Number of protein chains: 2
Amino acid sequence: MPADTKTALLNSAERAARARGFDGFSYADLATDVGIRKASIHHHFPSKANLSVALMRRYAEAFETEILRIHEEKTSGGARLLALIDIYREALENGKSLCLCVSFSSSPESLPPEVIAQIRQFRAMLIGWLTKTFEAGQTDGSIAGVAHPELESAAALAVLEGAQLAARAEEDVVLFDMALKLLKGRLSG
Amino acid sequence: MPADTKTALLNSAERAARARGFDGFSYADLATDVGIRKASIHHHFPSKANLSVALMRRYAEAFETEILRIHEEKTSGGARLLALIDIYREALENGKSLCLCVSFSSSPESLPPEVIAQIRQFRAMLIGWLTKTFEAGQTDGSIAGVAHPELESAAALAVLEGAQLAARAEEDVVLFDMALKLLKGRLSG
DNA sequence: GTCTATACAAAGATAGAC
DNA sequence: GTCTATCTTTGTATAGAC
C-alpha cells in the first residue's frame with residue numbers, strides 16, 4: 001500500500017507505538033515489519049527522537065483534518081462530540097491500542113522536548129475544537145446541561161484519554177464505554 | 001528511614017516507576033539509590049516481574065486503607081470525593097509523577113499477567129468506593145446532579161487518571177485542575 | 001545478605017561498500 | 001537507498017565467594 005519506504009516506516013512505527021508504547025518497539029521491529037535492514041532506517045530517520053517528531057507531526061495534522069471534517073459534516077454539537085468519541089473508541093482497536101497522543105503522554109521522558117511541545121499544541125488544538133463544540137451544543141440544545149464549555153472540554157478530553165488508558169490496560173473496551181456513558185447520555189441530535 | 005533493605009527497594013522502585021514508568025528504571029538505578037550492588041537486589045526480588053507484583057500489592061493495600069480512612073473521617077459524599085481528588089493531585093508531585101496505577105496502566109506489555117489482574121482488582125475496588133461515595137452525595141445533597149452513581153464513578157475515575165496523564169506529560173498541574181474543575185464545582189459539604 | 005565477576009540479549013547508532 | 005559489519009551501552013539475570 002505505501003508507495004515509499006518512509007511512509008511504510010511511519011505506518012509501522014505508529015502502529016507499534018500505539019500498541020506497545022514508544023519504548024515498546026525498536027528499529028529491529030520496524031525493519032522486520034517493513035522488510036529492510038535496521039541500518040537502512042537511519043537513512044530516513046537518523047535517530048528515534050527524529051522519528052518521534054515525524055510521527056507526532058503526521059498524527060496531529062491528520063487528526064486536525066479529521067475533526068475539521070467532522071465540524072463540516074455534522075451540524076449539531078452533540079453529533080460532533082459523538083463522532084469524536086467514536087474516533088477514540090475506534091483507536092482502541094478492541095483494547096489493543098491507544099491513540100498516539102495518549103501513548104506518547106505515557107512516556108514523556110523517552111521523548112525529545114520538541115515532541116512534548118507538539119503534544120501541548122495538539123491538546124490545545126483539541127481543547128479549542130471541543131470548546132467550540134460544547135458551545136454549539138449549548139446553543140442548539142444537543143448537549144444537555146452545559147454551563148461552562150471550556151471546563152466541559154477539559155473534562156471531556158481527560159475522560160476520553162483516561163478511559164482509553166483503563167481499557168487498554170485491561171484489554172476491555174467495555175471500560176471505555178462505561179466511562180463515556182454519562183457524557184453520551186447528555187447528547188442528542 | 002526504612003528499617004530493611006527490601007522496604008527501601010520498594011520505596012525507591014515506586015518513586016522511580018511513578019516518575020519514569022516501569023521501563024524507565026533499572027536495577028542499576030535502584031542499586032545506586034539504595035546503596036547496594038544491583039546483583040544484591042535479586043536476592044529480594046528475583047526478577048523485575050516479581051518486583052512489579054510486590055509494588056502493586058503494596059500500593060493497592062495502602063490505597064485501600066487510605067480511602068477507608070477517608071470514608072471514616074469525612075461524613076459527606078462531597079467531602080469524600082474531594083479528598084480523593086486531592087490524593088490524585090498530590091500524587092502528581094507538581095507534574096513530575098503519576099499514581100502507580102496510571103503508571104502501570106501505561107505499559108501493560110511490560111507487566112506480568114498477575115499485575116494486570118491486580119490493576120483490574122484495584123480499579124474495581126476504587127469504582128466500588130466511588131459508587132458508594134456518589135450515592136452518599138446524592139442522598140445528602142453534597143454532590144449536585146447525581147442521577148447514576150455507577151456511571152458517575154466510572155467517569156470520575158477516567159477523569160482523574162486522564163487528567164494526571166495530561167498534567168504529567170506537560171509537567172503542568174494546571175491541566176489537572178482544569179480537567180477536575182467541573183466535577184469539583186458540583187461538590188459541597 | 002551482599003559482594004565481584006560475568007553471561008547474554010537487545011538497543012540505538014555509525015562506517016563504508018555497493 | 002540499502003546493505004554488511006561493527007561499536008557501545010544498557011538491561012536483566014546468574015554463579016559462586018565471603
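Predicted model, so just to flag it, every value in this text is computed and none were measured. Chain identifiers are assigned alphabetically (A, B, ...) following the order of the sequence lines, protein sequences preceding nucleic acid strands; residue numbering begins at 1 within each chain.
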Under 3.5 Å, which N/O atoms of the protein pair with N/O atoms of nucleotides 8-12 of chain D?
| from | atom 1 | to | atom 2 | distance (Å) |
| --- | --- | --- | --- | --- |
| D/dT12 | OP1 | B/K48 | NZ | 2.9 |
| D/dT12 | OP2 | B/Y27 | N | 3.0 |
| D/dT12 | O4 | B/K38 | NZ | 3.3 |

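In this structure, the nucleotide among C/dC3, D/dT2, D/dT4 sitting nearest to the side chain of B/I36 is C/dC3.
The phosphate of D/dG1 has neither OP1 nor OP2 within less than 4.0 Å of any side-chain N or O from A/T5. When the side-chain nitrogen and oxygen atoms of A/S40 are compared with OP1 and OP2 of D/dG1, none of them lie within a distance under 4.0 Å.
In this structure, A/R80 does not pair ionically with A/E73, as no charged nitrogen and carboxylate oxygen lie closer than 4.0 Å. Ion pairing between A/K96 and B/E109 fails under the 4.0 Å rule for side-chain N and carboxylate O. Under 4.0 Å is where a charged nitrogen must lie from a carboxylate oxygen, and between A/R89 and A/D177 at least one such pair does. A salt bridge links B/R15 with B/D33; the closest basic N to acidic carboxylate O contact falls under 4.0 Å. The pair A/E170-B/R120 counts as a salt bridge, with a side-chain nitrogen and a carboxylate oxygen less than 4.0 angstrom apart. By the 4.0 Å N-to-carboxylate-O rule, A/R69 lies close enough to A/E66 to be salt-bridged with it.
If you measure from atom CZ of A/R37 to atom P of D/dT4, you get 4 Å, rounded to the nearest angstrom. In this structure, the NE2 atom of A/H43 is 16 Å from the P atom of C/dA15, given to the nearest Å. The distance from atom CD1 of A/I41 to atom P of C/dA11 is 11 Å, rounded to the nearest whole Å.
Figure legend: cation-pi geometry between B/K48 and B/F22, with NZ or CZ positioned under 6.0 Å from the six-membered ring centre and within 45° of its axis.
Taking the six-membered ring where the residue is Trp, the centroids of B/F122 and B/Y59 are separated by under 6.0 Å.
Note on the helix from C/dG1-D/dC18 to C/dC18-D/dG1: angle between the axes of the first and last five pairs equals 0°, rounded to 10 degrees.
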